[in-house]
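For reference, the structure is listed below as structure tokens.
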Amino acid sequence: MNISFKKTALLVAAVVLFSFQNTFAQEATTISISKPDQEVEVSPNIYGQFIEYLRNSITGGIFQEDSPLSDENGFRTDVLQKMKALNTPVLRYPGGTVTKIYHWEDGIGPRNERPARRNLIWGGVEDNHFGTDEYIKYCREIGAEPYIVVNMGTGSAEEAANWVEYCNGTGDTYYANLRRKYGTEEPYNVKFWSLGNEEAAREDAGRLSDPEKYAEESWYFAKLMKLTDPSIKLFVVADPFKFDWNDPVLASLSPIVDYISLHWYVGNSPDDPLAIYKNITRFDESLTELGDYLQQFPVEVENFSQWYRFPPRQGAIKISVDEWGIWDNTCEGQYNLDCEYTWKSALATASFLNVFHRQAENVTMANWAQSANILGAILANDEGSVEQTVYYPLQYFRKYAGSSLMKVDVENMPLVAADQTVETLDISATFNNENDEVCVFVVNRSDEEQAVKLDFANSTKATATLVEMTAPNENSRNAIGEESVVSINEKPVKKNGAIKLAPLSINIVVVR
Ligand code: AHR
């Protein structure tokens, strides 16, 4: 156990108590925050982002060569500044479904010599002016680790291994030299590589929807990629609910894969205003189940043949929620991918992030899908750009989330009045080893104010601050060129004093 963690646990006197007065039931809701028996790290990588060759997600989103708003790289500076402010630790690329037809060699070399190709998946033409080198440069600009998904549809294992060499090769070899020729001497050291994307989906351009076939092909891809760079971490396609896929895939690939990759989008239902929260809870439960399921694969892989010529997986298999977000038929455009997110979407986003905190033991990476325009946290057009409502929880949770998980015990949790099944308050808590800070993240999903009594009885902490995010109503949304509908206020909170959680609010109580 980390020494600073122990010390702080003593300082906090083991328990920080919050008594939440529930205005509905007139019964005090008590939330106890305590040190867990074992330290659980909260990975910063749960704050990842994702870009794809999908209409204006990349070109027209983060990248636009002919725009006066862009820099010499073609990066939209207004969008770049918003991406930087998210402080995202990981940027997944180049898809998504498009990976099944994407050939990375189309996107290197002099831009005007790169082939334009039809985007057979999402439509339109991809000019390939944003390719691997631009992507890595973008990652460096925003301070994110690159994470690449290889083409297991029309691509080959050799092509994937060559991509690994182009990015990570250090020797005097063809693809490493090609990277040098195109301007970068030092290897990119891309650590994260995914073996395809949603390969179980029968409808799209994949050819591996039979799990046995996917497992066999993945082994072959993995071998060539690992022989090229044995240090890379591999992600394998899984499903939160389909164990007839997960079982054969992991039975075969568990010795070499580091992460299982899940995708989960939630949406509103016209029949049930609370459906979005119920869907997040369902996913939360599936993560617990999957975490238990992964226990069957020993942390140390035994009897791994030396003839593979690379080492087996090091450490336990973890979950990466490679794509998550909000996608429903209130969004517009082709496949309902153009979403103007409401404040309710932001409340759901905050609840999702609380899930990733609570599931820290199982989930060590998660990537919001997507960064710009398409399901985007940021909207951009030729005139400008704007942070959508969902951007703010992504930004503020990332800013305040600590490095380890705190235990949360709730007594008398109020239920949303309209339904009586959905919990009014959605809560997680973290501790930050670096600055000795406890943060409690509370989403008030009801349209009633919640009176909250904070009780720091056993704490030596001196101050608490409430960071409160609100919007005029559930349907409020941001638009390019207009003032943001989101208000963010920081208020000191008195020790042992009462605080009020605004209706439909996202709150971070920072205890120092
Ligand atoms: O993010 C949009 C699409 O959603 C991705 O291409 C695919 O992986 C998922 O189904």
Side-chain angles (χ1 to χ4, degrees), residues 1-18 20 30-48 87 89-90 259 262 280-281 283-295 299 315-321 324 349-368 393-394 396-411 413 423 425-443 454 456 458-459 461 464 467 506-512:
M1 179 190 289
N2 179 305
I3 294 184
S4 155
F5 185 82
K6 256 189 189 164
K7 188 188 78 188
T8 306
L10 285 173
L11 279 176
V12 179
V15 179
V16 179
L17 275 180
F18 295 86
F20 282 28
T30 306
I31 300 177
S32 305
I33 311 293
S34 59
K35 175 180 84 70
D37 296 337
Q38 277 196 316
E39 185 176 355
V40 177
E41 189 196 340
V42 176
S43 169
N45 291 345
I46 59 171
Y47 289 99
N87 192 18
V90 179
Y259 293 85
L262 309 179
I280 294 170
T281 303
F283 184 53
D284 190 1
E285 288 162 1
S286 87
L287 291 172
T288 305
E289 200 185 327
L290 269 171
D292 293 344
Y293 171 82
L294 290 174
Q295 298 288 322
V299 174
I317 303 178
K318 295 293 182 190
I319 297 171
S320 175
V321 186
W324 70 275
T349 300
S351 297
F352 242 127
L353 293 168
N354 273 339
V355 170
F356 299 146
H357 287 171
R358 294 194 294 262
Q359 292 285 346
E361 206 162 349
N362 299 319
V363 178
T364 59
M365 187 186 287
N367 305 306
W368 166 268
L394 291 167
Y396 275 76
F397 274 52
R398 165 69 171 138
K399 182 172 170 191
Y400 285 101
S403 46
S404 64
L405 191 65
M406 296 294 277
K407 190 161 166 267
V408 178
D409 291 300
V410 184
E411 269 176 46
M413 168 65 85
E423 294 179 343
L425 304 174
D426 186 72
I427 308 160
S428 73
T430 63
F431 171 71
N432 195 335
N433 285 325
E434 274 172 22
N435 59 8
D436 245 18
E437 193 176 86
V438 176
C439 287
V440 188
F441 302 82
V442 190
V443 186
L454 288 175
F456 294 100
N458 297 321
S459 167
K461 300 279 185 191
V467 181
I506 301 170
N507 305 276
I508 306 174
V509 184
V510 186
V511 188
R512 296 189 181 101

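These numbers were taken from a predicted model, which means no experiment stands behind them.
Here the CE atom belonging to Met413 is positioned 5.0 Å from the CG atom belonging to Leu425, to the nearest 0.5 angstrom. In this structure, CZ on Phe397 lies 5.5 Å from CD1 on Ile508, to the nearest 0.5 angstrom. One finds the CD atom of Glu361 at 11.0 Å from the CD1 atom of Ile319 (value rounded to the nearest 0.5 Å). To the nearest 0.5 angstrom, Thr364 atom OG1 is 9.5 Å from Ile46 atom CD1. From Asp284, atom CG reaches atom CG of Asn354 across 9.5 Å, with rounding to the nearest 0.5 Å. Considering OH of Tyr400 and CG of Asn435, their distance stands at 10.5 Å, rounded to 0.5 Å.
Nearest heavy-atom pair, Val410 versus Ile427, reported as atom, atom and distance to 0.1 Å: CG2-CD1, 4.1 Å. Across all their heavy atoms, Ser351 and Asp426 have their closest contact at CA-OD2, 3.4 Å. Heavy-atom minimum distance, Ala360 versus Glu41: CB-O, 3.5 Å. In terms of heavy atoms, Ala429 sits closest to Phe441 at CA-CD1, 4.4 Å. Closest approach of Asn362 and Gly291 over heavy atoms only: OD1-CA, 3.3 Å. In terms of heavy-atom proximity, Ser404 sits nearest to Glu39 at CB-OE2, 3.6 Å.
In this structure, Val321 and Phe283 have side chains that are in contact, with non-hydrogen atoms separated by less than 4.5 Å. At least one side-chain heavy atom of Arg358 sits less than 4.5 Å from a side-chain heavy atom of Val355. No side-chain heavy atom of Asn87 sits under 4.5 Å from any side-chain heavy atom of Lys399. Considering only heavy atoms from C-beta on, Ser320 comes within 4.5 Å of Asn367 through its side chain. Looking at Val90 and Tyr47, their side chains never come closer than 4.5 Å, going by heavy atoms from C-beta outward.
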For Leu262 and Leu290: C-alpha separation, side-chain torsions, deciding distance, then whether side chain to side chain contact (heavy atoms under 4.5 Å, CB included) applies.
CA-CA 11 Å; Leu262 309 179; Leu290 269 171; 3.5 Å; yes
Give the intermediate values and the outcome of side chain to side chain contact (heavy atoms under 4.5 Å, CB included) for residues Thr288 and Gln359.
CA-CA 7 Å; Thr288 305; Gln359 292 285 346; 2.8 Å; yes
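Just one of Val42, Val438, Leu405, Ile33 meets the side chain to side chain contact (heavy atoms under 4.5 Å, CB included) condition when paired with Phe431; it is Val438.
Ser403 places a side-chain N or O within 3.5 Å of a backbone atom of Asn433 that can act as its donor or acceptor partner. A distance-only check finds no donor-acceptor pair linking the side chain of Glu437 to the backbone of Gly402 [under 3.5 Å].
Taking the six-membered ring where the residue is Trp, Trp368 and Trp324 present perpendicular rings, their angle passing 60° and hence far from 30°.
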